[in-house]
Amino acid sequence: MSGRDDPPIGGDGEGRDDPAVDGSVAEGRDPEVEDGEGVDDWDETVAEWDREVDEWEGDAPEDGGTGTDDGGGEDAPDAVDPEVDRDPDLSPDDADRVPKVVSAGHINWDVTIHVDSLPEPDGETRIDRLEQSGGGSAANVAVGLVDLGGQSVVYGSVGGDESGALALRELASAGVDPGQVLVDAAEPTSVKYVIVDGGGELLMLANDGANESFSAAGLDRDTLAAADHLHLTGQQPETAAALATAAAEAGATRSFDPGRRVADREFDAALHASDVLFLNDREADALAAETDVDPWEPDDRVVAIKLGEEGATVRTPHGSVSHPGFDADPVDTTGAGDAFAAGFLAAALREPEITGDGFSHDPRDYQVPILVGNACGAVATESVTARTDLSWDRVREAMGESPETDLLIEVRA
Ligand SMILES: OC[C@H]1O[C@H](O)[C@H](O)[C@@H]1O
């Protein structure tokens with residue numbers, strides 16, 4: 001077990017001096033690893049950098065740009081880790097790959113109530129704002145993926161009531177295919193009363209209702225076979241395991257966001273059948289304590305750990321990439337984790353070099369996915385309800401000018 005008490009992950013400072021770090025951090029920079037000739041050469045290397053920086057600054061465009069286009073800045077050291085892609089491709093509109101995803105898990109109807117402060121027992125508080133919308137982790141991710149140019153089929157179950165009908169209608173109007181959703185007439189739709197206080201803190205009142213009535217057998221296998229990827233969220237453990245197995249057989253990659261009950265449920269099979277896990281830090285600690293999966297130092301999968309307003313870290317068997325998150329004025333954090341997953345997957349699934357042959361274990365490949373995930377998470381906190389209108393324009397706006405500057409990368413052999 002490891003994790004949160006580890007020294008800060010590499011990147012600007014730590015990683016460069018860490019003898020365990022290799023890859024391109026070392027490629028032109030670390031004297032011990034690069035040429036094995038020690039400190040004298042290192043001093044010479046640094047002097048060479050200084051010369052390059054002088055030249056580069058002389059060539060720098062007047063508009064303050066980096067000058068990387070003319071090649072002059074390519075090797076120049078600056079505040080950015082040399083691992084970092086200085087020009088991440090954030091133009092997915094041009095990409096010809098449209099990810100096809102089945103998102104299976106909870107489909108809820110959310111009633112979001114904003115209050116100034118929570119009442120004491122026997123007290124009363126005024127409702128400042130009340131919104132109703134579709135919710136549920138699987139449904140939220142499916143909508144986010146469509147917003148970002150993907151195709152989504154949502155799989156799960158609702159009750160045969162008005163809330164279920166509203167949830168399905170909203171999914172369809174968002175462009176998600178709800179055709180596979182089971183309607184369980186014997187149960188009510190799961191309605192979540194999300195209470196948000198003036199400080200943005202949440203509490204939730206809920207019935208489970210129909211939201212875990214579905215089984216793996218109910219999902220049309222042709223739909224799964226046509227998908228690039230299966231994203232799983234909260235559901236019966238045996239359903240998650242069977243869906244993940246079926247997806248693997250169909251050649252689709254798998255991700256799993258098990259949610260806050262992860263340590264209380266027997267999710268082992270689904271966890272082990274997933275290429276990528278999405279967890280928050282509490283869930284990661286609980287998994288590390290309760291199971292043989294160590295999310296902080298995974299040995300056979302990718303784990304994206306959401307750190308709230310501190311951004312996220314993506315752990316792979318060969319290292320990690322972390323980003324402290326983007327500034328936001330949060331009004332409601334409901335669904336921010338789902339928005340992160342949608343952004344991360346939307347960015348990763350369109351890149352064949354990341355996901356063409358299972359999910360890459362090279363942490364450097366996750367620079368754009370973590371940036372997009374964090375941007376989507378930030379955007380989601382600025383709107384009321386779990387549903388946010390994500391778009392690549394909003395992603396770019398949330399990122400600002402040089403989103404890659406704060407990336408920290410550690411690459412291990
Ligand atoms: O993940 C966010 C979702 O969890 C809750 O269960 C709400 O339905 C909300 O939409």
Side-chain angles (χ1 to χ4, degrees), residues 101 103-114 129-147 152 154-159 161 163-164 166-171 174 176 178 181 187-196 200-214 231-236 240 255-262 264-265 267 277-283 304-308 312 330-345 373 376-390:
V101 178
S103 184
H106 288 169
I107 304 169
N108 303 330
W109 187 249
D110 289 356
V111 179
T112 302
I113 300 167
H114 279 236
R129 183 168 182 176
L130 189 148
E131 300 278 345
Q132 300 199 41
S133 70
S137 46
N140 295 340
V141 172
V143 171
L145 283 164
V146 169
D147 285 349
S152 307
V154 67
Y155 184 54
S157 38
V158 296
D161 50 17
S163 300
L166 287 168
L168 296 184
R169 197 180 312 151
E170 210 181 86
L171 283 164
V176 172
V181 173
E187 294 284 350
T189 296
S190 175
V191 177
K192 306 278 179 177
Y193 294 87
V194 185
I195 309 194
V196 187
E201 290 298 320
L202 301 181
L203 70 83
M204 224 175 267
L205 310 171
N207 66 323
D208 285 339
N211 73 0
E212 294 193 2
S213 297
F214 65 102
H231 179 67
L232 299 167
T233 75
Q235 58 195 279
Q236 296 289 336
S255 55
F256 187 20
D257 185 342
R260 67 175 71 85
R261 292 173 64 193
V262 61
D264 305 333
R265 308 185 87 180
F267 278 135
L277 303 179
F278 292 100
L279 303 165
N280 65 29
D281 52 348
R282 288 183 306 280
E283 293 157 3
I305 302 176
K306 300 164 278 183
L307 304 172
V331 293
D332 182 348
T333 57
T334 324
D338 300 331
F340 176 92
F344 182 96
L345 291 173
C376 289
V379 168
T381 66
E382 291 187 331
S383 62
V384 177
T385 83
R387 293 285 165 81
T388 307
D389 282 333
L390 296 176

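In listed order, ligands and their atoms are each counted from 1.
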### Task
Do me a favour and list the nearest non-hydrogen protein atom to atom 6 (O) of ligand 1 with residue, atom name and distance?
Asn108 ND2, 3.2 Å
### Ligand-residue contact atoms, ligand 1 with Gly135, heavy atoms, under 4.0 Å
8 (O), 10 (O)
### Whether Asn207 side chain and Val191 backbone form a donor-acceptor pair below 3.5 Å
yes
### Query
If only atom types and distance count, is the side chain of Glu283 paired as donor or acceptor with the main-chain N or O of Asn280 below 3.5 Å?
yes
### Query
Which residue supplies the protein heavy atom nearest to atom 2 (C) of ligand 1, what is that atom called, and how far is it?
Asp338 OD2, 3.2 Å
## Note on the structure
ligand 1 atoms nearer than 4.0 angstrom to some heavy atom of Ala386 are 10 (O)
### Query
Would you say His106's side chain and Gly234's backbone share a donor-acceptor pair under 3.5 angstrom?
yes
### Message
Please check this pair: side chain of Gln235 against backbone of Ala104, looking for a donor-acceptor N/O pair closer than 3.5 Å.
### Response
yes
### Message
Just to be sure I read this right, does ligand 1 sit under 4.0 Å from the backbone of Val194, its side chain, both, or neither, counting only heavy atoms?
### Response
neither
### Message
Tell me whether Ser157 contacts the main-chain N or O of Ala210 through its side chain, where contact means a donor paired with an acceptor under 3.5 Å.
### Response
yes
### Task
Identify the protein heavy atom lying closest to atom 10 (O) of ligand 1, giving its residue, its atom name and the separation to 0.1 Å.
Asp110 OD2, 2.6 Å
### Task
Spell out, as yes or no, whether a donor-acceptor pair under 3.5 Å connects the side chain of Glu187 to the backbone of Gly159.
no
### Message
Please report whether ligand 1 has a polar contact with Gly136, defined as an N or O pair separated by less than 3.5 Å (distance criterion only).
### Response
yes
### Query
What part of Met204 sits under 4.0 Å from ligand 1 if we count only heavy atoms: the side chain, the backbone, both or neither?
side chain
### Message
Test your reading of the model: is there a side-chain donor-acceptor pair from Asp332 to the backbone of Thr385, 3.5 Å cut-off?
### Response
yes
### Nearest non-hydrogen protein atom, atom 3 (C) of ligand 1
Asn140 ND2, 3.7 Å
